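Have a look at the structure below before the remarks.
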There are 2 protein chains.
Amino acid sequence: LPGGAEEGLEFPNFDGKDRVLDVNERNYKKALKRYDLLCLFYHEPMPANKGLQKRFQMTELVLELTAQVLENKDIGFGMVDSQKDAKVAKKLGLEEVGSLYVFKDDRVIEFDGELSADTLVEFLLDVLEDPVEIINNAMELRAFERMEEDIRLIGYFKGEDSYYKAFQEASERFQPYIKFFATFDKSVAKHLSLKMNGINFYEPFMEEPAVLPGRPLSEMDIVEFVTQHRRATLRKLRAENMFETWEDDMDGIHIVAFAEEEDPDGYEFLEILKDVARDNTNNPELSIVWIDPDDFPLLTTYWEKTFKLDLFRPQIGVVNVTDADSVWLDMSNDEDLPTAEELEDWIEDVLSGRVNTEDDDEYADDH
Amino acid sequence: LPGGAEEGLEFPNFDGKDRVLDVNERNYKKALKRYDLLCLFYHEPMPANKGLQKRFQMTELVLELTAQVLENKDIGFGMVDSQKDAKVAKKLGLEEVGSLYVFKDDRVIEFDGELSADTLVEFLLDVLEDPVEIINNAMELRAFERMEEDIRLIGYFKGEDSYYKAFQEASERFQPYIKFFATFDKSVAKHLSLKMNGINFYEPFMEEPAVLPGRPLSEMDIVEFVTQHRRATLRKLRAENMFETWEDDMDGIHIVAFAEEEDPDGYEFLEILKDVARDNTNNPELSIVWIDPDDFPLLTTYWEKTFKLDLFRPQIGVVNVTDADSVWLDMSNDEDLPTAEELEDWIEDVLSGRVNTEDDDEYADDH
């Protein structure tokens, strides 16, 4: 039995104790003051339909389990009803029903990801960490350089001076979605071609960083630059903000690529995709969403059914996000993944509208 | 609302339809014949205690959701009661209560991992894949070389001949826990210094493979070699077989290292750990379990409480698996992770018994 004879790996079960607050006009200010973090789930009123009620209770259970697991971390949890608590919601600036809002100091962080205890606990633990990580030496620099999937910034500062503080203030606006690093070490800075008070911005999967214009930079300079550059040419779908990413479509469509990084075929396809992204990083019309099916086991068969795909193999296609209609590039010949050039031609066809989801999926058959 | 206005990301909810079979003497043979895979959960009789009953129902729900998600995959699911169905269990060779047994052709694969729908679905999708992956080119070879966390074998064959078939048969005995690859490509083989019909065995985190003695090798040669070498000097804890790993302790203790690979500190510590493992790969007494807290968000605070640790930082210690008593190396000075030599000295102290969990945790205070 799991955890039977041996100790050390006991998964928590909900102990039945209510920890999630019913937030209302009388108690919300007190709750805000009392905790380091306050997490408020903004929801529609309890539905009348039995099936939806059950789903609602599952969401409550996820919040309760999360609250239980994080009991020692000074995090408060609450529910805000979009109808009953409309005034509180307005005061707190809650807008998207189904989102979770995290209040930390005077900031609000929106969580619009998978509502599972796993994902939520990991997210909240990230929010508790320092928003800026210091890179002290060559080994830590290697760790930094390996994080190619993340949007990340690194600044070089003399120490914890006012320029560093501005960087830190900016980092808090994007935590935990965009990663901020700093170094006070000359040789680390040299390796990254960073000048004193300079900041580099790394788009996911790009080889060269963008250098933020100007030195030193104010908090607002940094915030503006990041806001303008945060939609990447190739971005990985992540549980922690998947719905936000999905809503950030381009004219109602997404170019979606499925590739298992752990699989040799998937890895190869992903490398081709990265080449294409690097060649087209300056095209603001292009943003490819990469989904690694290994990260979403519960959605794999749903996607296979919805998009009529075999996800044991890499795939790329166009998805209409309003009706989930889709067209996929024919890559049925196992030995023959497309080259970067062929992929670019196809993407051009997508961007020009020659390949689209309204042509009854004829494109795939023709090719 | 998740999946509200936009389509394409709908997490499944249990639809209430019973798909998990109550297996008994009358129906088990038919079930075995009917499906590509048959998954049987071997469990104790329904407990009288209300709390345990609830946990039991949660497990059933996990199986039902898994069955629902994999509905199109020709996988059967069933429950076998260790008391009521003792005869069936004996006939099928089910031994460990709380384990899930997967029947594929004439083999049985034991799943002794985290009983969550995520983990189970991913595991079963892995079992459905071909047990041998073919490496065709330099790019796929790079993917192979990056998988340093996995135990893996690769063989070089002329084609799908009898030697390849022996390799394939062997692979089926270890699927999906140990990864088998093959190549028919001369330049891939040359890069790996593989001779025709030769097989390399890669221990996790080691730079050089072991070459299996003899060429060509029979299925039994391969099976014996793998069985003898499968406990690695440094092994990563994985959800899919975490309880099995935990039960495979060394004289009742585990050396456990916590390190977040995504964190610069954690990455640095892990690199030191790999050095130590490489230096001591021939010591059969040494097996370090590496846990990346990011992989187990629901257990992180449980471990912090049980072991009295801060898991935002890397840690290494000795854990007694019968009572979860533990001693941890003092690494409170942030700038100063131990060197490989210091870590080796400490590990020597552990193996010789100078550091142990019975000395009232004095060691950590003394240093």
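Labels below follow one simple rule: chain letters A, B, ... track the order of the sequence lines, proteins then strands, and each chain is numbered from 1. What you see is a predicted model; the values in this text were computed from it and never measured.
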For Met242(B), which atoms come within 4.5 Å of any heavy atom of chain A: side chain, backbone, both, or neither? both
Would you say Glu148(B) has more than 12 foreign heavy atoms packed within less than 6.0 Å of its CD? yes
Leu299(A), part contacting chain B, at a heavy-atom distance under 4.5 Å: side chain
Inspect the contact between Glu271(B) and Arg142(A) and indicate whether a charged nitrogen and a carboxylate oxygen are less than 4.0 angstrom apart. yes
Got Glu7(A) and Thr322(B) here, is their nearest side-chain heavy-atom distance under 4.5 Å? no
Okay, Glu122(A) and chain B: the region with an atom under 4.5 Å from a heavy atom over there is both
Apply side chain to side chain contact (heavy atoms under 4.5 Å, CB included) to Thr301(B) and list each qualifying residue two or more places apart in sequence or on a separate chain. Val69(A), Leu70(A), Lys73(A), Glu304(B)
Output for pair (Leu125(A) CG, Leu311(B) CG), nearest 0.5 Å, gives 9.5 Å
Do Phe296(A) and Leu9(B) touch side chain to side chain, with heavy atoms closer than 4.5 Å? no
Atom pair CZ (Phe269(A)) and CE (Met139(B)), whose distance is rounded to the nearest 0.5 Å: 12.0 Å
Non-hydrogen atoms of chain B under 4.5 Å away: do they reach the side chain of Asp150(A), the backbone, both or neither? side chain
Given a strict heavy-atom distance threshold of 4.5 Å, which part of Asp323(A) is in contact with chain B: side chain, backbone, both, or neither? backbone
Max heavy-atom pair count under 4.5 Å with chain A, selected residue of Glu114(B), Lys179(B), Glu262(B): Glu114(B)
Aromatic plane relationship, Phe243(A) with Phe11(B) - under 30° parallel, 30 to 60° tilted, over 60° perpendicular: perpendicular
Interface residues of residues 251-261 of chain B facing chain A - heavy atom cut-off under 4.5 Å: Glu260(B), Glu261(B)
Side chain, backbone, both or neither: which part of Leu141(B) has a non-hydrogen atom closer than 4.5 Å to chain A? neither
With rounding to the nearest 0.5 angstrom, report the CG to CE distance, Asn13(B) to Met58(A). 7.0 Å
Of all of Glu129(A), Glu71(A), Lys54(A), which one pairs up most often with chain B through heavy atoms under 4.5 Å apart? Glu129(A)
Chain B heavy atoms under 4.5 Å from Leu298(A): which part of the residue, side chain, backbone, both or neither? both
Shorter than 4.5 Å, heavy atoms on both sides: which option in Gly16(B), Pro264(B), Pro293(B) has the most such pairs with chain A? Pro264(B)
Any sub-3.5 Å donor-acceptor pair from Trp303(B)'s side-chain atoms to Gly8(A)'s backbone N or O? yes
Can you tell which part of Thr300(A) gets under 4.5 Å to a heavy atom of chain B, answering side chain, backbone, both or neither? side chain
